[in-house]
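Encoded as structure tokens, the structure appears first; notes follow it.
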Amino acid sequence: MTRESWATRLGFILAAVGSAVGLGNLWRFPWMTAENGGSAFLVVYLAIILLIGVPGLLAEFVIGRRSQRNPAGALYRLSDGSKSWGAVGLFGVVTGVVLLSFYSVVGGWILRYFLASFTGSYFGSAGPYFEAIGFGLPAVGFHVAFLALTALVVVGGVRDGIETATRVMMPAIVVLLLALAGWAVTRPGAGAGLAFYLEFDAAYLRANVLDVVGAAAGQALFTLSLGVGTMITYASYLGDDHNLAFDGSAIAMLNTGVGVLAGLVVFPLLFATVGELTGPAAQGGGPGALFVSLAGAFSQVPFGRVLAVLFFGVVALAALSSSISMLEIPVAYLVDEHGFERRTATGALAGLVLFTGSANALAPGLFTFVSGPLVDLMLTAGLTGFLLFAGWVLGPDALAEFSTGAGRRVRSVGPAWLWSVRTVLPLFLLATLLANLLALAGVTLWS
Ligand code: PFF
């Protein structure tokens, strides 16, 4: 059986952007930004995307296209059968399952808010509503529904499932977000939100530089879907005619654009209704902050129901195009390495996540740990492994793969890229990893 591949170049780019754009942009990004000084966070985050994110993305692309495999098979084969490198790849496969186990719970909340927006049933009681549905049996039910939708697309395969779905979803997301942002920034009181978001606050950054950099780095990896092997897997369905550097830059730019656009919807709405960032949104407020604040906003504005349906519809599409990329990693692993039928692999893994996700939906403490520190750690560790592999094991082969399909100008930056993948990037990530581990152990280096 020949391996599947993307039907079109745009199809690959849209699928990768679909993976990148998701709850990370619409739920985690505004939350992190609010918690870390608004504009100060935004600037650092953009710098990290450019300096760490884009070269890291290219490293995953290089591994994926060179091997035409899932992450575990890719590292195993390209290292001529090293079990240790295979294990590094397998770590990514496991991370995919861990991610989906919490992501699907949030996806379930979104589905529920989307449906409830038609009647506006939560409008009068934003806080209590989230408390009632956030965890426990109601959350399990919607998690299962979201997971089923995810599995349905993945069963369809790369071309008919993922490519077709994301081709429709991505343009819809951009159009809806543009319309919502245009409306939100013209609300009375929106100016304060825009100022918080866009006016650079150097004093805040000076006072909190380490916290801001740590949070921005974690967010940058999460939003670009790095450190799991998603981008390895998606690039494994690519042919040699693609210019990886061009595609990678386009993907990072589109993803960042959607994230910034989401901020233009969320902050003006929050400030226009709440006045200032106080209450749950200001303190990060846990996973429900965005839902509670936005639900409050929608209940107070004209056409609130229509806007809520549109907003949660967009978020649901974005979440789905990301969750399919999480499930695709372990599915590709079972198909490539263990000869499973795609349908059987998808069913088995969905069955597993049904349980692990339900555990998250039933235990808020577990959910908070998994979706925050555990994911940050796993992504940082995973990407460090992929970078060291591309830089030191593939080495010149990585450079050759980077140059395949690229023009002269892109090829000329290849050596600088390889150098950064070998040195600066892993060092930066290792430092972040250490800081995260110490923070988790309760050690404070600075205060
Ligand atoms: N990038 C996705 C988001 O921002 O929602 C999350 C994600 C998807 C992370 C796939 C990792 C991944 F492998």
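Counting convention: from 1, in listed order, for ligands and their atoms alike. Because the structure is a prediction, the values reported are computed rather than measured. Just so it is clear, the values below take in all heavy atoms, side chains as well, and ignore hydrogens, waters and symmetry mates.
- Note on ring orientation: taking the six-membered ring where Trp is involved, the planes of F29 and F41 are tilted (angle from 30° to 60°).
- Interface of N25 with ligand 1, defined as ligand atoms under 4.0 Å from a residue heavy atom, comprises 4 (O).
- Near M326, meaning under 4.0 Å from any of its heavy atoms, are these atoms of ligand 1: 6 (C), 7 (C), 8 (C), 10 (C).
- Given atom 12 (C) of ligand 1, the protein heavy atom at minimum distance is T230 OG1, 3.3 Å.
- When F222, Y234, Y103 are checked for heavy-atom proximity to atom 5 (O) of ligand 1, Y103 turns out nearest.
- Between A20 and ligand 1, at least one N/O pair is under 3.5 Å apart.
- Looking at S225 next to ligand 1, an N or O pair under 3.5 Å apart turns up.
- Close contacts between ligand 1 and S19 involve ligand atoms 1 (N), 2 (C), 8 (C), 10 (C) [criterion: under 4.0 Å to a heavy atom].
- Not one N or O of S325 is nearer than 3.5 Å to an N or O of ligand 1, by distance alone.
- For ligand 1, the polar-atom distance check finds no N/O of V228 at less than 3.5 Å from any of the ligand's N/O atoms.
- For the pair G24 and ligand 1, the shortest N or O to N or O distance falls below 3.5 Å.
- Between W109 and F367, a ring centre-to-centre spacing shorter than 6.0 Å is recorded.
- Contacts between L99 and ligand 1 below 4.0 angstrom, taking non-hydrogen atoms only, involve the side chain exclusively.
- Nearest heavy atom pair, residue L352 against residue V97, reads CD2-CG1, 4.0 Å.
- For R9, the CZ atom sits in a packed shell: over 12 heavy atoms of surrounding residues, nucleotides or ligands are nearer than 6.0 Å.
- Residue F246 places its CZ atom among 12 or fewer non-hydrogen atoms of other residues, nucleotides or ligands, all under 6.0 Å distant.
- Remark: ligand 1 and L23 share an N or O pair separated by less than 3.5 Å (distance only, no angle test).
- If you take CG on N70 and CG on D336, they are separated by 4.5 Å, rounding to the nearest 0.5 Å.
- Between Y237 and F12, the ring centre distance reaches or exceeds 6.0 Å.
- Minimum heavy-atom separation, L354 to L147: N-CD2, 3.6 Å.
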